[in-house]
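Presented below is the structure to which this report refers.
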Amino acid sequence: PPVFWLYLGVMFMGFASSFCLNFWGAKFLNTHVGLSAELASFSMTAFFIAIVIGRFLSSRLTHRIAAGPLLIRWVIFSLTGFALFWLSPLAVLNVLGLFVAGLGMGNTIPLVIASATTAIPGQVDVINARLSLGAGFGALIVPQIIGVAADEVGIKTAFGIVLPLLMTMFVLLFFINRAAKDLQLKHQANA
């Protein structure tokens, strides 16, 4: 159904954003922020630790909040963290932004899969396979674009690609959740 393609877009953009930080975060911290190569590489552990913490928190929060609305909240974390990472003039705030972004970005895969399989029952295998494919393409394509762009315009400007990805994710999720609420109200009215 059409809503699946929206979920696929969210998965592509979310995974692409995460892998952009994964692939190029240390380079950004080294060349733009001014950290030594060793410290920049070590600082990336903040991102990966945050992914683990974010997923743990989500596993607890999904008992009280549906996956779709929870995912929107995590995208706000991703946006906020990425903006801090990308725009801050202070290294400690860049690393803090990386951590906050990791809290949000780590939840893309599990919460998109949970939301999509709930919204489209009976097609779990197909949904998982296609969402995994979309995630893989996101991880393959967008970080390469940043690499090429960084050669031309610098790493800071090249990282600007991530912001519209995260903003588009937020907008798509807003419409997906709104459509889900409308569908739920329609089912309640028919019951």
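The CG atom of L6 sits 13.5 Å away from the CZ atom of F174 when rounded to the nearest 0.5 Å. With rounding to the nearest 0.5 Å, the separation of CE in M169 from CD1 in I72 is 10.0 Å. To the nearest 0.5 Å, atoms CD1 (I155) and CD1 (I146) are separated by 6.5 Å. In this structure, I49 CD1 and M44 CE are separated by 11.5 Å, a value rounded to the nearest 0.5 Å. One distance of note links CD1 of I141 with SG of C20; it measures 11.0 Å at 0.5 Å rounding. We find the CG-CE distance between L172 and M11 to be 13.5 Å, quoted to the nearest 0.5 Å.
Enclosure of atom CZ in F77 is not indicated, since only 12 or fewer non-hydrogen atoms of other residues, nucleotides or ligands lie within 6.0 angstrom. More than 12 heavy atoms of other shown residues, nucleotides or ligands fall within 6.0 angstrom of atom CZ in F4.
Across all non-hydrogen atoms, the minimal contact from A46 to F99 is O-CD1, 3.3 Å. Residue L71 comes nearest to N107 through the heavy atom pair CD1-O, 4.0 Å, listed as atom of the first residue, atom of the second, then distance. The minimum heavy-atom distance between L93 and L84, with the atom names listed, is O-CG, 3.4 Å. When all heavy atoms of L165 and A16 are compared, the pair lying nearest together is CD1-CB, 4.2 Å. Considering every non-hydrogen atom in both A150 and A158, the closest pair reads N-CB, 3.5 Å. N177 and P69 make their closest contact through ND2-N, 3.7 Å (heavy atoms, listed as atom of the first residue, atom of the second, distance).
Here the side chains of F28 and L98 are not in contact, with every heavy-atom distance at 4.5 Å or above. With a 4.5 Å cut-off on side-chain heavy atoms, F12 and T168 do not count as touching. Two residues are said to be in side-chain contact when any heavy atoms from C-beta on lie closer than 4.5 Å; F42 and L35 fail this criterion. Counting heavy atoms from C-beta outward, I65 and R73 have side chains that approach closer than 4.5 Å. Here the side chains of V33 and K156 are not in contact, with every heavy-atom distance at 4.5 Å or above. Within the 4.5 Å cutoff, the side chain of S58 has heavy atoms near those of the L111 side chain.
Transitive grouping of hydrophobic side chains (ILVMFWY, heavy atoms separated by less than 4.5 Å) keeps L79 and V171 in distinct clusters. V112 and W5 fall within the same hydrophobic cluster, where Ile, Leu, Val, Met, Phe, Trp and Tyr residues are linked whenever their side-chain heavy atoms come under 4.5 Å apart, directly or through other members. Criterion: ILVMFWY side-chain heavy atoms under 4.5 Å apart, direct or through other members. Under it, I53 and V75 are part of a common hydrophobic cluster. Note on W24: it clusters hydrophobically with I145, by side-chain heavy-atom contacts below 4.5 Å among ILVMFWY residues. A single hydrophobic cluster is seen to contain both L133 and L8, as judged by linkage of ILVMFWY side chains at heavy-atom distances under 4.5 Å, directly or through other members.
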Practice prompt. Decide yes or no on side chain to side chain contact (heavy atoms under 4.5 Å, CB included) for I76 and F170, but give the supporting numbers first.
Written response: CA-CA 8 Å; I76 292 169; F170 180 81; 3.8 Å; yes
Item to complete: Check step by step if side chain to side chain contact (heavy atoms under 4.5 Å, CB included) holds for I109 and I113.
Response: CA-CA 6 Å; I109 292 175; I113 290 172; 3.8 Å; yes
Worksheet item: Could you go step by step and tell me if M105 and L166 meet the side chain to side chain contact (heavy atoms under 4.5 Å, CB included) rule?
Response: CA-CA 10 Å; M105 289 179 182; L166 293 171; 4.0 Å; yes
Practice prompt. Please assess L96 against L90 for the test side chain to side chain contact (heavy atoms under 4.5 Å, CB included), listing each intermediate value before the final yes or no.
Written response: CA-CA 10 Å; L96 177 62; L90 300 172; over 6 Å; no
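Not one N or O on the side chain of S18 forms a donor-acceptor pair closer than 3.5 Å with the backbone of G14.
Qualifying side chain to side chain donor-acceptor pair (under 3.5 Å) partners for T117, counting only residues two or more places apart in sequence or in other chains: none.
Between F47 and F85, a ring centre-to-centre spacing not shorter than 6.0 Å is recorded. Aromatic rings of F82 and W86 (six-membered ring for Trp) have centroids within the 6.0 Å cut-off, being under it.
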